[in-house]
Amino acid sequence: MDIAAVYHRPDSEMAYLRENGAFEIRLKVKHDDVSKVELLYGDPYGTKVNEKDEGTWEYETIDMDRSFITKLHDYYLAQVTLPLHRLQYAFLITDQKGTKWLYDDRKLVLATKESIAELTCFRMPYLHEIDRIDPPEWVKETVWYQIFPERFANGDKSNDPKGTLPWGSSEPSRDNFFGGDLKGIIDHLDYLKDLGITGLYLCPIFTAHSNHKYDTIDYFTIDPHFGDKKTFKRLVDEAHKRGMKVMLDAVFNHLGDFSMQWQDVIEHGQESRFASWFHINEFPVSYTKTDNDEFARDLTYEVFANTPHMPKLNTASREVQNYLHEIAAYWIKQFNIDAWRLDVANEIDHHFWRHFYSLTHYLKRDFYVLGEVWHNAQSWVNQHEFDGAMNYPFTETLNDGIVAKKISLSEMVSRLNEQLMLYRMPTNQVMLNSMDTHDTARLLTLCQGDKDLMRLTLTLMFLQIGSPCIYYGTEVGMAGDNDPGCRACMIWDKDKQDQKMLAFTKELIKLRKDYHRIFSYGTYTWQVDDDNQTLKLIRSKGEQQICAIFNLGEKPLKVTQKTPLLAQNLVQDQLGKHGFAIFG
Ligand code: CA
């Protein structure tokens, strides 16, 4: 056995309290290196006394299950329940040759009578309910719909910006406007309800200069081209009436350069009362322009990426903290929003987020905080900063394996499993899974127009652990390249909508909802055949099971089960290329 590969860390995603009061323990070992893992566990103060009046620790033993497999590692899992909420434990590992090893807080040694008698256990001294990572339940069952408000629907022509182009009359560009607004969203809430949507994720709606509104001017006002607070209140209320939650997008990493605060810095330099709000290295603030408006050189202040128009906020400043926390609270208290999605969240300090999390959850117990993190998000989701993250590693892995076919199916499954093992299971259940967003090319474009492949990919996404999100227009077959191409006007003309895609999306959402207990909470097991390019995913919860089969190869795949819940390219019992069948 490769003992150097054996790993466990207490009080992390490898040892944590679950929602049902059980304690989950994980052990990571080298792939196919171990034949059995047993968990020795008990109360740290539980001793039994022998005739010589010597106390020995009283423990129980449970077999751990090999639950998640990657190319390099196997993850063994077990759940135990402790009546006194205190736990100490160690691992007894049997390798492929039958040798037994003991792994505890201090050592990994051969298991002998002596070494077991001298255990120095891993400890979870007390399992505090208040420390439990407990993302809101409703998110686990939500099907999201992401809206880029300038391009979803124009419900009020009177608020259109100057130079607004007729709806869909030309390609989206970085600076054109089509007049989309909040009234347009309200007008289509019934459409979204009919589609099966239960959560709206709106890109920024606060007053800003650009069409994307990520360059906030004032977080306390609705952009006048989108409507006003009265309209927004109506939007939230009408969404709630239809069983839909509302998530707003906020950019707290930086302000727009048209903001009052930054304008004051430009005008008064070091004397500005907002000078300490930003990261300024030299006054007066300046930069050298290049041909690209979003790329400056010789900046004397820190910004988002390299754009001179987004000066970075100093979130260590008490004034900035108060200002941003006030914004976060304002939209919850006054408008009853359900979630914040946080842009560039990974570039803001942890201190800020810890306070932000406790404030928002104090105001609304089941509030959801979603961070934009494109990489490992452990540092934020493992300690009550975000409930979940935009699951880009998931998106990229599925894209690489299914759409771009850059990696083998087994490599894809390995990476998906590896991702799930980064987080506690309740966190995995509220990660936001999407295949495309306002920042990336649309799925249909990534699939090079292959709608069968697109439907297969969407289906795979919907069967995963995590909260699925549809980017507006995907359901009617919209295409579009990287931004701004992916931000085209929503197609409302029924003749131009892909009605087959719409009907399919509805069915897929219905399937997810009909079996939400399995998809939201169930186990997750793959079977992969790289040679024939086929995949099988089994999800189960209690007695219920869903088995999904996907054919990405050229050869037809024989399917033995009958009457699928959802299928594509299934003729009699033969699954064709890009075909799939889901059985209950
Ligand atoms: Ca309008």
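When a ligand or atom number is given, it counts from 1 through the structure's own listing order. By convention here, the first residue in the shown sequence is residue 1.
- For the 3.5 Å distance criterion, the side chains of N211 and H225 fail to qualify, holding no donor opposite an acceptor.
- Aromatic ring centres of Y191 and W492: separated by under 6.0 Å.
- Side-chain contact, W144 with Q146: no donor N or O sits under 3.5 Å from an acceptor N or O.
- Residue contact annotation: S158 places no N/O/S atom under 3.0 Å from the Ca ion (ligand 1).
- For D181 atom OD2 and D156 atom O, the angle they make at the Ca ion (ligand 1) is roughly 80°, to 10 degrees.
- The atom name of the N/O/S atom in D160 closest to the Ca ion (ligand 1) is OD1.
- Residue side and main chain included, N154 places an N/O/S atom under 3.0 Å of the Ca ion (ligand 1).
- At least one N/O/S atom of G179, from backbone or side chain, sits under 3.0 Å from the Ca ion (ligand 1).
- Aromatic rings of Y145 and Y201 (six-membered ring for Trp) have centroids beyond the 6.0 Å cut-off, not under it.
- Both the sub-6.0 Å distance and the 45° axial angle are not jointly satisfied by K213 relative to the ring of F148.
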